[in-house]
Amino acid sequence: MEATEKKLKLIVFELQKEEYAIPVQQVRSIEKLLPITRVPNVPPHIKGVINLRGVITPIVDLRTRFNLEEKVKTDASRIIITVVDEQEIGFIVDAANDVVDITEDQIEPAPEVVGSVENKYVQGVVKIDKRLFVCLDLNEILQLDQSKD
């Protein structure tokens, strides 16, 4: 019996008019912007921490992480609370757009140049109709913190 294609759900969000996606199983919740407490001596992309329902959660600004231009936060801005290696981490994004269903074979390898995000953060790209999503590797985005210094 042939194995059926593995189905995936992706959360789609926006940064600088580009659409990105992460697996829904890594997402705990999507929150409106909350007051962020600054933390000294952290890299610039770590904006600080929030107290979300009793859990102290570090907040990463993906625009800063990807060396994109800073943008004033709007009502559409969101914090996507994710779980990476059993730790909750929030990512500030311009907007959380929707959830899409795909099959694993729809993820294509990332081309050499993918917009403005470094290739090491990218797991692949997904094309649905006229939309193109860049699938991000959250582990990789967070790993690079240690090697930067």
Side-chain angles (χ1 to χ4, degrees), residues 5-111 114-126 128 131-149:
E5 250 332 293
K6 189 170 177 199
K7 295 199 179 307
L8 298 171
K9 276 188 185 303
L10 300 175
I11 297 274
V12 177
F13 61 89
E14 199 174 299
L15 283 176
Q16 203 159 311
K17 302 202 183 338
E18 300 278 337
E19 289 192 297
Y20 297 90
I22 54 177
V24 78
Q25 67 265 21
Q26 284 189 291
V27 176
R28 236 332 113 81
S29 65
I30 298 174
E31 308 288 336
K32 288 183 183 278
L33 287 182
L34 299 162
I36 297 172
T37 304
R38 301 276 316 153
V39 177
N41 302 321
V42 294
H45 61 275
I46 299 177
K47 294 301 174 198
V49 295
I50 60 171
N51 181 345
L52 184 67
R53 295 183 273 284
V55 177
I56 302 302
T57 305
I59 301 298
V60 173
D61 189 328
L62 280 182
R63 277 181 163 271
T64 310
R65 185 69 177 126
F66 295 158
N67 296 317
L68 300 174
E69 179 186 321
E70 284 274 340
K71 179 183 170 236
V72 175
K73 307 298 182 248
T74 67
D75 285 344
S77 299
R78 292 289 180 266
I79 298 175
I80 298 179
I81 305 296
T82 63
V83 178
V84 181
D85 294 332
E86 296 180 24
Q87 182 182 0
E88 283 194 12
I89 298 176
F91 292 98
I92 299 174
V93 300
D94 295 350
N97 294 348
D98 53 14
V99 178
V100 294
D101 292 302
I102 64 162
T103 54
E104 228 169 36
D105 66 340
Q106 284 180 277
I107 300 176
E108 299 175 19
V114 177
S116 48
V117 174
E118 293 182 53
N119 237 7
K120 58 191 162 204
Y121 303 141
V122 176
Q123 269 186 326
V125 293
V126 176
I128 300 176
R131 294 168 78 186
L132 181 71
F133 310 117
V134 177
C135 295
L136 296 178
D137 182 338
L138 295 183
N139 290 335
E140 194 61 40
I141 289 167
L142 296 169
Q143 283 312 313
L144 296 164
D145 291 348
Q146 288 79 30
S147 61
K148 274 281 191 208
D149 291 327

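Just so we're clear, the structure is a prediction, and the values are computed from it rather than from any experiment. Computed over heavy atoms, backbone and side chain alike; hydrogens, waters and symmetry mates excluded.
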Inset, instruction - Before giving the answer on side-chain contact (heavy atoms from CB on, under 4.5 Å), spell out for Ile107 and Leu8 the whole-Å C-alpha distance, their side-chain angles and the decisive distance to 0.1 Å. - result: CA-CA 10 Å; Ile107 300 176; Leu8 298 171; 3.8 Å; yes
Inset, instruction - Measure the spacing between CD of Glu18 and CG of Leu132 and express it to the nearest 0.5 Å. - result: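 With rounding to 0.5 Å, CD (Glu18) is 8.0 Å from CG (Leu132).
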Inset, instruction - Calculate, to the nearest 0.5 Å, the distance between atoms CG and CD belonging to Leu15 and Glu69 respectively. - result: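 Leu15 CG to Glu69 CD: 12.5 Å, rounded to 0.5 Å.
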Legend entry - side-chain hydrogen bond (donor to acceptor under 3.5 Å, both in side chains) partners of Arg78, counting only residues at least two apart: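 For Arg78 there are no side-chain hydrogen bond (donor to acceptor under 3.5 Å, both in side chains) partners, ignoring immediate neighbours.
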Legend entry - Qualifying residues under side-chain hydrogen bond (donor to acceptor under 3.5 Å, both in side chains), relative to Lys73, sequence neighbours excluded: Asp61
Inset, instruction - With sequence neighbours excluded, give me every salt bridge (Lys or Arg N to Asp or Glu O under 4.0 Å) pair touching residues 34-48. - result: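 Matches after skipping sequence neighbours: Lys47-Glu70.
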Inset, instruction - Check for a donor-acceptor pair, side chain of Thr74 on one end and backbone N or O of Ala76 on the other, with a separation under 3.5 Å. - result: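 Yes, because the side chain of Thr74 sits within donor-acceptor range (under 3.5 Å) of the backbone of Ala76.
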Legend entry - Backbone N/O of Ile141 and side chain of Arg65: donor-acceptor pair under 3.5 Å: yes
Legend entry - Nearest heavy-atom neighbours spanning Glu86 and Val83: CA-CG1, 3.8 Å
Inset, instruction - For Ser77 and Leu33, work out which heavy atoms get closest and say how close. - result: CB-CD1, 3.6 Å
Sequence-distant partners of [X], salt bridge (charged side-chain N to carboxylate O under 4.0 Å, His left out), two or more places apart:
{"X": "Arg28", "answer": "Glu88"}
{"X": "Lys9", "answer": "Asp101"}
{"X": "Glu104", "answer": "Lys6"}
{"X": "Asp105", "answer": "none"}

Return a table of donor-acceptor pairs under 3.5 angstrom between the side chains of residues 89-97 and protein atoms on other chains or two or more places apart.
residue: Asp94; atom: OD1; partner: Arg63; partner atom: NE; Å: 2.9
residue: Asp94; atom: OD2; partner: Gln16; partner atom: N; Å: 2.8
residue: Asp94; atom: OD2; partner: Arg63; partner atom: NE; Å: 3.3
residue: Asp94; atom: OD2; partner: Arg63; partner atom: NH2; Å: 2.8
residue: Asn97; atom: ND2; partner: Glu14; partner atom: OE1; Å: 3.4
residue: Asn97; atom: ND2; partner: Glu19; partner atom: OE2; Å: 3.0

Close side-chain approach of [X] to [Y], heavy-atom, < 4.5 Å:
{"X": "Tyr121", "Y": "Leu62", "answer": "no"}
{"X": "Ser29", "Y": "Leu52", "answer": "yes"}
{"X": "Cys135", "Y": "Leu10", "answer": "yes"}

Legend entry - Set of side chain to side chain contact (heavy atoms under 4.5 Å, CB included) partners for Gln106, sequence neighbours left out: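 Gln106 satisfies side chain to side chain contact (heavy atoms under 4.5 Å, CB included) with Ile102, Thr103, Val126, Ile128 once adjacent residues are dropped.
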Inset, instruction - Please name all residues satisfying side chain to side chain contact (heavy atoms under 4.5 Å, CB included) with Asp98, sequence neighbours left out, ordered by chain then number. - result: Val12, Val100, Arg131
Inset, instruction - Have a look at Leu138 and tell me which of Val27, Thr82, Val60, Ile80 forms a side-chain contact (heavy atoms from CB on, under 4.5 Å) with it. - result: Thr82
